[in-house]
Amino acid sequence: MPKPPSTDAVPAIPDVLLVVGEPRTSEPLSALLELAGYRTVVVDRATHAGLLLTERRFDLVILDVTLPDTAALRHSRRLLAPDRPAVLLLTGTGEFLGSLPGGGTGRSRGGAPGPGTGGQPAASGRVAEVLARARQLVGSQEPAGWDGALRYGDLVLDDATRRARRGERTIELTPAEYRLLRCLLVNADRVLSKEQIGRHVWTDPPTDSAIERLVSRLRRKVNGEQPALIHTRRGFGYWLGRTVQP
């Protein structure tokens, strides 16, 4: 007799093809996407992207329209197929230009810069805008039965309410603590460097001491009198998980 579906199902990891020529744009964007739970492949040529699209399936393509060889994708069969990936269009500096939903059912949409980005958004603001657009396009791929919460053991973070709890204990979080906890949960059992955490939690590069203070506050709230879940791996960074080192 087949087993019933698990009630603890989590979303499949969306695959993103990042086609951007400028490393100053592609590197922070790829890092932030991965910390937010996406799996990325980065190339700097549209011709290379075209080959990859024939070899594997992607949920989202983020394309720098200023690349000189973008014509190579114009007639790509994968981008014209009924089950095509969604597409985000950017400039080389990461400014959002428009999007095309996957599946061939939507029409291309332009978009104004998101809140706080202004007419000439900073690089961090552009990256955050792209991440928000990516979530809009591929967020519907969450499987039935997933309630939008991230879990690790008895620790639960509800994305809808921005609240956390551990067992029966409610954990009140500041916005920065919420972003840090989400980052750690998405990357559970993986050591994250201060640089990786800084990219995800702050819009501007933080000092090491600012990261240490934030981790310390969150650690006290999450661990409390219960078995520790947030740990330090000296010389490497921080991680969320059991007491055995990853």
Side-chain angles (χ1 to χ4, degrees), residues 10-11 13-14 16 27-40 114-117 122-135 139 142 146-246:
V10 295
I13 299 176
V16 178
E27 290 174 4
L29 181 54
S30 174
L32 187 59
L33 285 165
E34 291 189 358
L35 286 173
Y38 297 85
R39 188 164 40 214
T40 64
T117 60
S124 58
R126 292 170 181 157
V127 168
E129 170 74 0
V130 173
L131 176 59
R133 300 286 182 173
R135 284 174 170 157
E142 297 160 357
W146 186 62
D147 60 5
L150 295 170
R151 293 178 171 83
Y152 192 98
D154 60 352
L155 176 63
V156 180
L157 180 66
D158 190 327
D159 262 348
T161 64
R162 301 298 196 263
R163 293 180 180 273
R165 69 178 186 272
R166 188 158 182 200
E168 299 300 318
R169 178 170 61 91
T170 299
I171 303 172
E172 296 294 336
L173 301 171
T174 67
E177 289 166 352
Y178 162 77
R179 293 191 295 271
L180 173 58
L181 182 55
R182 192 182 195 285
C183 173
L184 292 171
L185 278 166
V186 166
N187 295 278
D189 295 315
R190 174 186 173 192
V191 176
L192 298 177
S193 68
K194 289 180 180 178
E195 181 182 5
Q196 289 174 309
I197 289 173
R199 286 175 178 169
H200 188 75
V201 177
W202 282 270
T203 55
D204 296 314
T207 63
D208 284 356
S209 61
I211 296 173
E212 291 164 4
R213 289 194 299 271
L214 180 62
V215 172
S216 179
R217 291 200 308 269
L218 182 64
R219 193 200 315 262
R220 287 196 299 270
K221 289 184 177 184
V222 170
N223 291 349
E225 300 300 322
Q226 296 163 281
L229 282 180
I230 297 179
H231 314 274
T232 300
R233 189 167 183 186
R234 297 195 180 281
F236 292 92
Y238 305 96
W239 60 286
L240 184 147
R242 308 299 182 190
T243 54
V244 177
Q245 287 283 358

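Note that the numbering runs from 1 along the sequence shown for the chain. What you see below is based on every heavy atom in this structure, not just the backbone, and it leaves out hydrogens, waters and symmetry mates.
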## Note on the structure
Rounding to 0.5 Å, atoms CZ (R165) and CG (L155) come to a distance of 9.5 Å

### Donor-acceptor contact below 3.5 Å, side chain R169 vs main chain V222
yes

### Message
I need the minimum non-hydrogen distance between C183 and L192, along with the two atoms involved.
### Response
SG-CD1, 3.4 Å

### Query
Hey, are the side chains of K221 and L181 touching, using non-hydrogen atoms and a 4.5 Å cut-off?
no

### Query
Which pair of non-hydrogen atoms, one from I230 and one from R219, has the smallest distance, and what is that distance?
O-NH1, 3.2 Å

### Message
Measuring only between side-chain heavy atoms, which start at C-beta, is Y178 closer than 4.5 Å to L157?
### Response
yes

### Query
Do you know the tightest heavy-atom contact between T40 and S30?
OG1-OG, 3.0 Å

### Summary
Residues at least two apart in sequence or cross-chain that pass side-chain contact (heavy atoms from CB on, under 4.5 Å) with S193, listed by chain then number, are E195, Q196

### Query
Heavy atoms, side chains only, cut-off 4.5 Å: are S216 and E212 in contact?
no

### Query
Is L173 close to L218 at the side-chain level, that is, under 4.5 Å between some pair of heavy atoms?
yes

### Heavy-atom pair of closest approach, residues L185 and Y152
CD2-CB, 3.7 Å

### Summary
Tightest non-hydrogen contact, residues R151 and V156, listed as CG-CG2, 3.9 Å

### Minimum heavy-atom distance between Q226 and D154, given as atom pair plus value
NE2-OD2, 3.6 Å

### Summary
Sorted by chain and residue number, the side-chain contact (heavy atoms from CB on, under 4.5 Å) partners of A176 (sequence neighbours excluded) come out as T174, R179, V201, L214

### Message
With heavy-atom distances below 4.5 Å as the criterion, would you say the side chains of V191 and H231 are in contact?
### Response
no

### Message
As a quick check of understanding, evaluate side-chain contact (heavy atoms from CB on, under 4.5 Å) for L229 and R166, giving each step before the final call.
### Response
CA-CA 11 Å; L229 282 180; R166 188 158 182 200; 3.6 Å; yes

#### Entry: Pairwise side-chain contact, Y238 with I211, heavy-atom cut-off 4.5 Å (strictly under)
yes

### Nearest-0.5 Å distance that lies between atom CG in D208 and atom CZ in R213
10.5 Å

